[in-house]
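Reviewing the structure listed below.
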Amino acid sequence: MPLRRIGRPGLIGMAARTAVVAGTASAVAGGVQHHQQQKYQAQADQQAAEQQQAYEQQQAAAQQQQYEQQQQQAKMQQMAQEAAAQQLAAQQQAAPAAGGGDDMMAQLQQLATLHTQGVLTDDEFAAAKAKLLG
């Protein structure tokens with residue numbers, strides 16, 4: 001019959017128990033660390049997605065604003081051209097149809113002034129000058 005020891009465990013028993021405790025602690029710590037890494041990675045992914053979405057929204061808003069500014073500028077240019085054409089038509093109607101030399105010079109000077117102010121484009125100036133002279 002083998003002799004069984006009563007009391008404290010021996011050196012081999014103590015080493016075995018220590019190994020089991022250390023192995024269990026390392027397995028638990030590895031699982032906890034893995035869970036924490038997954039949690040932090042999910043948070044980082046969510047933050048990156050939110051930042052990307054915010055960036056895309058800012059880009060869309062900037063493009064929309066730029067488009068609206070271009071539309072407004074085009075409307076203003078169109079209105080200026082229409083006003084210049086109306087002013088020119090009113091001046092031509094108000095001018096006497098006699099076509100005296102001094103009157104024609106005054107009209108040419110007025111067209112030149114409108115052209116230098118930027119109210120008339122080069123093409124509009126050339127057409128109005130040809131109509132006046134021709």
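Since the structure is predicted, the reported quantities are computational estimates derived from the model, not experimental observations.
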Take Q59 and Q63, measure what side chain to side chain donor-acceptor pair (under 3.5 Å) needs, and give me the verdict at the end. CA-CA 6 Å; Q59 291 298 320; Q63 288 175 350; 5.2 Å; no
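Rounding to the nearest 0.5 Å places CG of L108 at 7.0 Å from CZ of F125. In this structure, L133 CG and K129 NZ are separated by 7.0 Å, a value rounded to the nearest 0.5 Å. Q86 contributes atom CD, which lies 12.5 Å from atom CD of Q81 (distance to the nearest 0.5 angstrom).
Side-chain contact between V119 and L88 is absent, with no heavy-atom pair separated by less than 4.5 Å. Using a 4.5 Å heavy-atom threshold, the side chains of Q107 and L111 count as separate.
Under the side chain to side chain donor-acceptor pair (under 3.5 Å) criterion, Y40 pairs with no residue at all, not counting sequence neighbours. With sequence neighbours left out, Q58 forms a side chain to side chain donor-acceptor pair (under 3.5 Å) with no residue at all.
Here the side chain of E124 pairs a donor or acceptor atom with the backbone of T121 at under 3.5 angstrom.
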Could you pull out all donor-acceptor pairs under 3.5 Å where a side-chain atom in residues 67-79 meets a protein atom, sequence neighbours excluded?
residue	atom	partner	partner atom	Å
Y67	OH	Q71	NE2	3.4
E68	OE2	Q64	NE2	3.0
Q78	NE2	E82	OE2	3.4

